[in-house]
Amino acid sequence: MLDLKYLRKNQEVARQKLADRGVQSDVLADLLAADQKRRDVIAKVEELKAKRNEASDKIAFAKRQKEDASAAIQEMQAVAKEIKDLDQELEGLDKVVKDQAAHLPNIAEDDVPVGPDEEANVEIRTWEPEDYQGRPLVKTEAPAWLKPHYEIGEDLGILDFERGAKVSGARFLYYVGDGARLERALYNFMLDQHHEEGYTEMITPIVVNDSAMFGTGQYPKFQDDAYRVEGLNQTYIPTAEVSLTNYYSGETIPAEDLPISITALSPSFRKEAGAAGRDTRGLIRLHQFNKVEMVKFAKPDQSDQELEKMTNNAENILQKLGLPYHVITLSTGDMGFSAAKTHDLEVWLPAQGMYREISSVSNTRDFQARRMHITYRNEDGKLELVHTLNGSGLAVGRTVAAILENYQNEDGTVTVPEVLRPYLGGQETLQATPHH
RNA sequence: GGAGCUAUGGCACAAUCUGGUACUGCAGCGGACUCGAAAUCCGUCGAGCCGUCUUAUGGCGGUGUGCGGGUUCAAAUCCCGCUAGCUCCUCCA
């Protein structure tokens with residue numbers, strides 16, 4: 001949520017910044033008009049309440065003296081009615097203002113490229129492994145024998161989309177045998193890396209309440225994409241960002257503890273409501289997928305730096321796995337709702353001949369903290385909102401896809417990246433093995 | 001799932017039956033005493049949020065006794081709903 005006072009005082013800048021995020025200019029005008037009306041009513045009702053408090057004191061005093069106060073009481077009955085009406089009007093205006101404010105996206109930091117969509121994203125660096133060991137190079141044509149990850153996965157008998165669809169529905173799958181072991185090896189590797197980098201590992205609830213979903217910005221605007229638990233005000237998390245970031249909701253964090261870094265593996269559930277027909281095959285777009293998430297809480301003057309660190313933490317995973325990728329800064333039009341600045345990591349998928357998002361690292365500044373009321377006490381002893389950051393480190397299913405394509409061999413086997421071998425009992429290749 | 005109990009400042013508690021300035025202690029802050037400290041004494045102390053004036057700190061008003069409603073001139077107090085914690089029962093990996 002944006003700061004109403006900021007919007008009031010910086011209307012022109014805010015209007016432009018929101019326009020960059022695709023918000024029509026009359027949205028802000030409407031909000032501020034409602035806010036003005038709201039404040040007018042507050043002034044009126046508070047004056048009456050001050051009068052009532054004064055009269056109540058007098059009545060109480062009179063009663064103690066055993067005097068008759070019925071005239072004053074009668075007079076206050078009318079005031080009470082007036083207060084009640086105004087309070088009701090205020091409640092309505094409050095709702096309008098809060099609801100409109102809750103639907104506004106974060107505004108972008110000044111160094112974020114301005115543009116309507118992903119075309120305006122800016123590549124800031126690329127990384128490729130030094131030793132390709134005969135693997136297909138980035139931006140070269142893949143050899144004819146190279147299969148997309150879902151084909152090699154099915155051929156090896158380690159990914160079973162058909163039975164996933166049978167038992168659950170489209171965009172669900174079973175990992176089988178070495179597939180399941182590879183996935184497990186990957187997220188153990190990722191968590192171990194983050195542990196070494198100072199993140200505190202957590203296992204979080206994967207069903208959260210509405211206020212948690214509101215806190216990180218999924219609600220109220222994006223309810224359509226969420227798996228809600230029927231009959232309960234609870235939702236299966238679309239990302240552990242929700243459960244991790246809300247860990248401190250409503251709390252004041254001791255300043256000396258900041259920055260705080262936490263991480264968790266969790267399944268993520270998404271309806272992918274707007275993605276009908278896109279990426280219908282494979283591990284790229286599922287209703288349920290595993291993801292290792294990183295979250296940080298930082299002082300305002302630390303958060304820029306922490307965003308870069310977190311991006312590096314995600315890159316470290318890809319580098320150790322030897323997967324080629326590039327880092328892009330998302331444009332104002334392509335960023336997520338809560339983000340003020342986002343770096344995406346996109347991994348090279350040779351069979352598709354393109355980069356695909358495998359991690360998204362964002363600084364939301366105080367946008368989420370304002371919704372969740374997470375504060376710390378600054379040097380002056382004043383409460384101030386913390387900054388929150390989140391990033392994938394990494395999306396595990398997409399990492400499996402990247403390994404199956406980048407480490408695929410001509411004989412239909414897949415080489416296991418060296419760093420994962422200790423997690424697989426030293427196994428060096430994935431090959432078709434009969435089971436069941 | 002069922003029953004009972006509990007929820008008040010940073011902490012511990014009083015006021016709830018009987019509606020009328022939310023008590024007290026500890027901690028904190030300021031001061032006295034002291035070479036200094038402890039002890040003692042005096043003073044101060046509702047965090048946060050909202051509005052408004054002033055903007056350097058601040059003043060005034062509103063709100064604020066777990067959360068949301070209701071009754072009333074007035075609610076910590078009475079009524080209804082909810083949440084969390086504890087105890088017991090039930091169930092269970």
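Naming convention: chains lettered A, B, ... in sequence-line order (proteins, then strands); numbering from 1 in each chain. The model shown is predicted, which means the values in this text are computed figures rather than measured ones.
On the P atoms, B:U18 is 9 Å away from B:C78, given to the nearest whole Å. A distance of about 40 Å separates the P atoms of B:G4 and B:G62, rounded to the whole Å. When the C1' atom is used for both B:C88 and B:U16, the distance is 27 Å, rounded to whole Å. Remark: the separation of the P atoms in B:A14 and B:G9 is 13 Å, to the nearest Å. As rounded to the nearest Å, B:G68 and B:U57 have C1' atoms that lie 38 Å from one another.
Summarising the geometry, the separation between CG on A:Asp210 and P on B:C82 is reported as 17 Å, rounded to the nearest angstrom. Straight-line distance from the CG atom of A:Asp94 to the P atom of B:G68: 13 Å, rounded to whole Å. B:C60 atom P lies 18 Å from atom CD of A:Glu47, rounded to whole Å. One interatomic measurement links the two molecules: CD of A:Glu384 to P of B:A47, which rounds to 19 Å at whole-angstrom precision. For the pair A:Asn233 CG and B:C67 C1', the interatomic distance rounds to 14 Å; values are reported in whole Å.
A salt bridge links A:Asp279 with A:Arg356: at least one charged nitrogen is closer than 4.0 Å to a carboxylate oxygen. Using a cut-off of 4.0 Å between Lys/Arg side-chain N and Asp/Glu carboxylate O, A:Arg228 and A:Asp210 are scored as salt-bridged.
When ring centroids are compared, A:Tyr236 and A:Tyr227 stay outside the 6.0 Å threshold. Annotation: A:Phe161 is not in aromatic contact with A:Tyr174 [ring centroid separation under 6.0 Å not met].
A:Arg398 places no side-chain N or O within 3.5 Å of a backbone atom of A:Val347 that could act as its donor or acceptor partner. Between the A:Asn121 side chain and the A:Ser331 main chain, a donor and an acceptor come within less than 3.5 Å of each other. A:Ser249 contributes a side-chain N or O that, together with a main-chain N or O of A:Asn246, makes up a donor-acceptor pair within less than 3.5 Å.
At a cut-off of 3.5 Å, with distance as the only test, no side-chain donor of A:Thr239 or A:Ser268 sits close to an acceptor on the other residue. Side chains of A:Asn316 and A:Glu197: a donor-acceptor N/O pair is present below 3.5 angstrom, by distance only.
Among the protein residues, A:Lys84 comes within range of the sugar-phosphate backbone only, with heavy atoms under 4.0 Å from sugar or phosphate atoms but none that close to a base.
The side chain of A:Lys49 approaches B:U63 more closely than any other nucleotide in the set B:C73, B:G48, B:U63.
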Give every pair of a protein N or O atom and an N or O atom of nucleotides 49-51 of chain B that lie under 3.5 Å apart, one pair per line with the distance.
residue: B:C50; atom: O3'; partner: A:Arg38; partner atom: NH2; Å: 3.4
residue: B:G51; atom: OP1; partner: A:Arg8; partner atom: NH2; Å: 2.8

Look for any protein N or O under 3.5 Å of an N or O in nucleotides 17-20 of chain B and output each such pair with its distance, or none.
residue: B:G20; atom: O2'; partner: A:Arg64; partner atom: NH1; Å: 2.9

### Task
With pairs defined as Watson-Crick or G-U wobble and both distances under 3.5 angstrom, please note down RNA chain B as a dot-bracket string, | for pairing with another strand.
(((((((..(((.......[...))).(((((.......)))))...((((((....))))))..(((((..]....))))))))))))....
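Heavy-atom nearest nucleotides on RNA chain B were determined for A:Glu54 and for A:Gln74, and the one closer to the 5' end corresponds to A:Glu54.
Aromatic ring pairs are classed by plane angle as parallel below 30°, tilted from 30° to 60° and perpendicular above 60°; the pair A:Phe172 and A:His287 is tilted.
At the phosphate of B:U21, neither OP1 nor OP2 sits under 4.0 Å from any side-chain N or O atom of A:Asn53.
One finds the CG atom of A:Asp366 at 10.5 Å from the CE atom of A:Met372 (value rounded to the nearest 0.5 Å).
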### Query
Step by step, would you call A:Leu404 with A:Leu159 a side chain to side chain contact (heavy atoms under 4.5 Å, CB included)?
CA-CA 11 Å; A:Leu404 293 182; A:Leu159 301 179; 3.9 Å; yes
